[in-house]
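Everything below concerns the one structure shown next.
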Amino acid sequence: MDNTTEPEVIEPSLPFWVTVAEEGDDDSMGLFGNGGGEPALRSVPLGPLRKNLAETVDALQQLFEDAAARGGTLPLAEAQLSFQVTASGGVQLLGTGQVQGTRGLTLVFKRPS
């Protein structure tokens, strides 16, 4: 019988300040969300964050491309979006109704001159 153990693989992560809405519920945490919880520093796994952010940006780029293709007198030249990161690496876009009283990260997509 072999008693050797596999070395633990530690997934790369980034520290994020999050608001803990309910203890033990990782998906309820967002970057200073509007929940009434206490702020806490959490390690957000880079794997899920990278995947979710890439999927979100890909979808947004398609939407912006469709909007720009419409042309007209008011062409899309710049878009700004705010988002929150959950403690499990999820990405949540913030709509105008959610922005009041909450903080998020902002992505700016600008057409090259």
Side-chain angles (χ1 to χ4, degrees):
M1 187 187 309
D2 187 6
N3 286 338
T4 60
T5 59
E6 294 288 323
E8 184 179 338
V9 177
I10 299 174
E11 183 176 13
S13 62
L14 281 175
F16 270 87
W17 282 100
V18 297
T19 299
V20 181
E22 292 181 25
E23 196 61 40
D25 186 5
D26 284 346
D27 285 332
S28 69
M29 295 182 232
L31 182 69
F32 294 111
N34 56 3
E38 292 292 320
L41 190 62
R42 296 284 197 249
S43 291
V44 175
L46 283 181
L49 178 58
R50 183 178 290 116
K51 176 185 174 290
N52 292 325
L53 190 54
E55 287 175 357
T56 300
V57 169
D58 289 346
L60 290 169
Q61 285 179 328
Q62 183 60 52
L63 287 171
F64 298 153
E65 185 178 315
D66 294 347
R70 295 181 62 123
T73 58
L74 296 172
L76 177 66
E78 181 174 309
Q80 293 187 13
L81 299 154
S82 293
F83 69 99
Q84 290 184 330
V85 174
T86 67
S88 60
V91 174
Q92 301 170 341
L93 293 174
L94 300 176
T96 56
Q98 296 173 316
V99 172
Q100 296 174 3
T102 189
R103 297 182 190 116
L105 303 171
T106 301
L107 297 176
V108 177
F109 299 88
K110 188 171 185 177
R111 182 179 305 155
S113 317

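None of these values were measured; they are calculated from a predicted model. Starting from 1, each residue takes its place in the sequence as its number.
In plain terms, the two heavy atoms of S88 and P48 that are nearest each other are O-CB, 3.6 Å. For E11 against G47, the heavy-atom pair with the smallest separation is OE2-N, 3.4 Å. Smallest separation of non-hydrogen atoms from N52 and G90: ND2-CA, 3.6 Å. Nearest approach of Q92 to T86, heavy atoms of both residues: NE2-CG2, 3.4 Å. In terms of heavy atoms, S13 sits closest to S43 at OG-CB, 3.5 Å.
How far CG of L93 is from CZ of F83: 8.5 Å, rounded to the nearest 0.5 Å. With values rounded to the nearest 0.5 angstrom, D58 atom CG is found 11.0 Å from L63 atom CG.
Listed by first and then second residue, the salt bridge (Lys or Arg N to Asp or Glu O under 4.0 Å) pairs that reach into residues 60-70 come to none, sequence neighbours excluded.
In this structure, the side-chain contact (heavy atoms from CB on, under 4.5 Å) partners of V44, at least two apart in sequence or on a different chain, are F16, L49, V85.
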